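No experiment lies behind these values; they were computed from the predicted model shown. Chain identifiers are assigned alphabetically (A, B, ...) following the order of the sequence lines, protein sequences preceding nucleic acid strands; residue numbering begins at 1 within each chain.
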Amino acid sequence: MKHLLILAARSAWNRRLTLGMTLVAVTLSVTLLLGVERIRHDAREGFSHSVSGTDLIVGASTSHVQLMLYAVFRIGEATNNMRWQSYLDLKLNPAVAWAVPLSLGDSHRGFPVLGTNASYFDHFRYGDDRALGFKEGQPFKGVFDAVLGADVADQLGYKLGDRIVLTHGIGGIGGLEHADKPFVVTGILAPTGTPVDRTVHVSLEAISAIHLDWQGGAPLPGFSIPQQFVQKFDLTPKDITAVLVGLKSRIGVFKMQRYVADYAGEPLLAVLPGAALSQLWQVIGTVEQALLAVATMVVVVGLAGLVAVVLASLNERRRELAILRSVGARPVDVFVLLILEGLFITLLGCILGVALLAGASAVIGPWVQTRYGIGVAPRLISPDELRLLAAVIGAGLMSSLVPGYRAYRLSLADGLTPRL
Amino acid sequence: MRLKGVLFGLLTLLSTVASSHGLGAHVHGVANLQVAVDGDTLTLVLESPLDNLLGFEHLPHTEKQKAAVRDMSSRLQKNDAVFIPTPAAACRLVSVKLESPVLSPEKKTDGDGHADLDGEFVFHCQHPEVLHGLDLMLFDGFPHLRQVDVQVATAKGQTAAKLSSARRRLDW
């Protein structure tokens, strides 16, 4: 067996250019397959880690998934606002343990700004029921205090005490800035791997304050209220985007959902975040399957290329195989030789593919995390991916049978028979 | 940035599809089920258009229709007939509340002629720690029912699922 291995390796080295190209194809196809699987897995993981402990998300009437995506992931379009009074009513409901108001809409250099109150830091949970922790500083106390998520501080290089200016809306060219009312960084949160990391947290009063002298989405010309005087105004928000609700008893969630749906003040919607996420996966599952199917087809194409190359090489190797036969190699040895070659290329392709993917996730991972909020965990391989790899190697072995069998048939007579 | 826009568009499109689960929708063939687990109590709330269960939504007129209503009601109240929670959890059906215009004719139906059945089923389980799912047996007795949209809330978390006669097991 060992000598066959050496023979196979030496013979392959002789044809390194064609086999090398095939190896590239197999490597890339394996990288693609594992990459699709990894992003799929990590996206699910990241999404389901982002909400925990919140029983209901309440907002203005829209679709379940849209409300959940916007309130938790800041993805998608803004929903209508709900009235402050509705929040107060909700908070006073005897079934409600805590209610955290959320107000979204402004941004800071591309990062979303979340207006909330200090209870957010007490009640928000992520992952396995983990509370938010402060890396430095403390929750906001004054109107113009801001608490930064870990990524915001990291990427923009902010420290405690730095001054930041919020942008109206999502910013971009010509975006209007709240330059007259800068904020002071009073806290930086520990990393969570959730959208919290990319969020600038300020108080609800601050959101009201920076819009005091604004009307219709723009500053009133010739009129400005200096920062030190905003306290003289009533900074109670008129409306908010959504409310995170925790209930005293989890079983009451459906009753509360109905209460919100029947709320007389305005049309509201209450979403079970976990259920909305499952519904989203049900729909996205089809897209994932399609992506995985395409990636699988690419692997099949790569392996077909491998078979074609090995088959084509049989012609140029007629003499090589015939000489092996003449010095005592059995037909079975020739068969094994060809299979070893195919298997070797597949294995090497898998190893290189895993390495390439690991390198790519290390390089692109942080960018994907900030851009799309999908945290790609740096790791070599997961059990699910290992199963895919095993399937690829199995398929490589199966497809090597084709040239193996052909060589086995031919090697009996071919090569030594002179052709006239 | 463009990719992100496409992603948003896709998600919004998908979310409109997924939002058809909303409360109060009345779609023939589809029922809503809410599952809540709290301690040793398993509470199931079923909301279904009557058409799924009876084939009609008006008050029963003929003897045949009255028999259909009685049949539905007794079928839903039978233990094991509708829901089978994880057997190892040893759950027992302790109460069934059924509410529908056809069961209490003094209440008028909605103006649009559609009517629902609301049912609340409460189980007590001896081993709630191993309770992690149930089999829904509704599809055999009620062939008009094609799909059940389920939302689940337990102490561990929330989930949602779509059940049909081909997929009757709910896991959480």
### Task
Answer yes or no: does atom CZ of Arg125(A) have more than 12 heavy-atom neighbours from other residues, nucleotides or ligands under 6.0 Å?
yes

Using atom types as modelled, flag every donor-acceptor pair under 3.5 Å from a side chain in residues 48-55 of chain B to any protein atom, sequence neighbours excluded.
from, atom 1, to, atom 2, distance (Å)
Ser48(B), OG, Asn52(B), ND2, 3.1
Asp51(B), OD2, His28(B), ND1, 3.3
Asn52(B), OD1, Gly29(B), N, 2.5
Asn52(B), ND2, Val30(B), O, 3.2

### Query
How far does CD of Gln151(B) sit from CD of Gln257(A), to the nearest 0.5 angstrom?
5.0 Å

### Query
Checking Ser61(A) against chain B: side chain, backbone, both or neither under 4.5 Å from a heavy atom?
neither

### Query
Would you find more than 12 non-hydrogen atoms of other residues, nucleotides or ligands less than 6.0 Å from Arg146(B) atom CZ?
no

### Message
Given heavy-atom pairs under 4.5 angstrom as the criterion, report whether the side chain, backbone, both or neither of Ser52(A) touches chain B.
### Response
neither

### Heavy-atom closest contact (Leu272(A) atom, Val152(B) atom, distance)
CD2-O, 4.3 Å

### Task
Output the distance between atom CD (Glu120(B)) and atom CZ (Phe254(A)), rounded to the nearest 0.5 Å.
12.0 Å

### Any side-chain heavy-atom pair of Arg258(A) and Val45(B) under 4.5 Å
yes

### Message
Does atom NZ (Lys97(B)) have a neighbourhood of more than 12 heavy atoms from anything else shown, all under 6.0 Å?
### Response
no

### Query
Given that the side chain runs from C-beta out, which part of Leu277(A) has a heavy atom under 4.5 Å from chain B: side chain, backbone, both or neither?
neither

### Task
Identify the heavy atoms of Gln279(A) and Ala160(B) that sit nearest to each other, and give their distance.
CG-CB, 3.8 Å

### Non-hydrogen atoms of Gln158(B) and Thr54(A) that approach each other most closely
NE2-O, 4.0 Å

### Message
Less than 4.5 Å to any heavy atom of chain A: does that hold for the side chain of Thr159(B), its backbone, both, or neither?
### Response
both

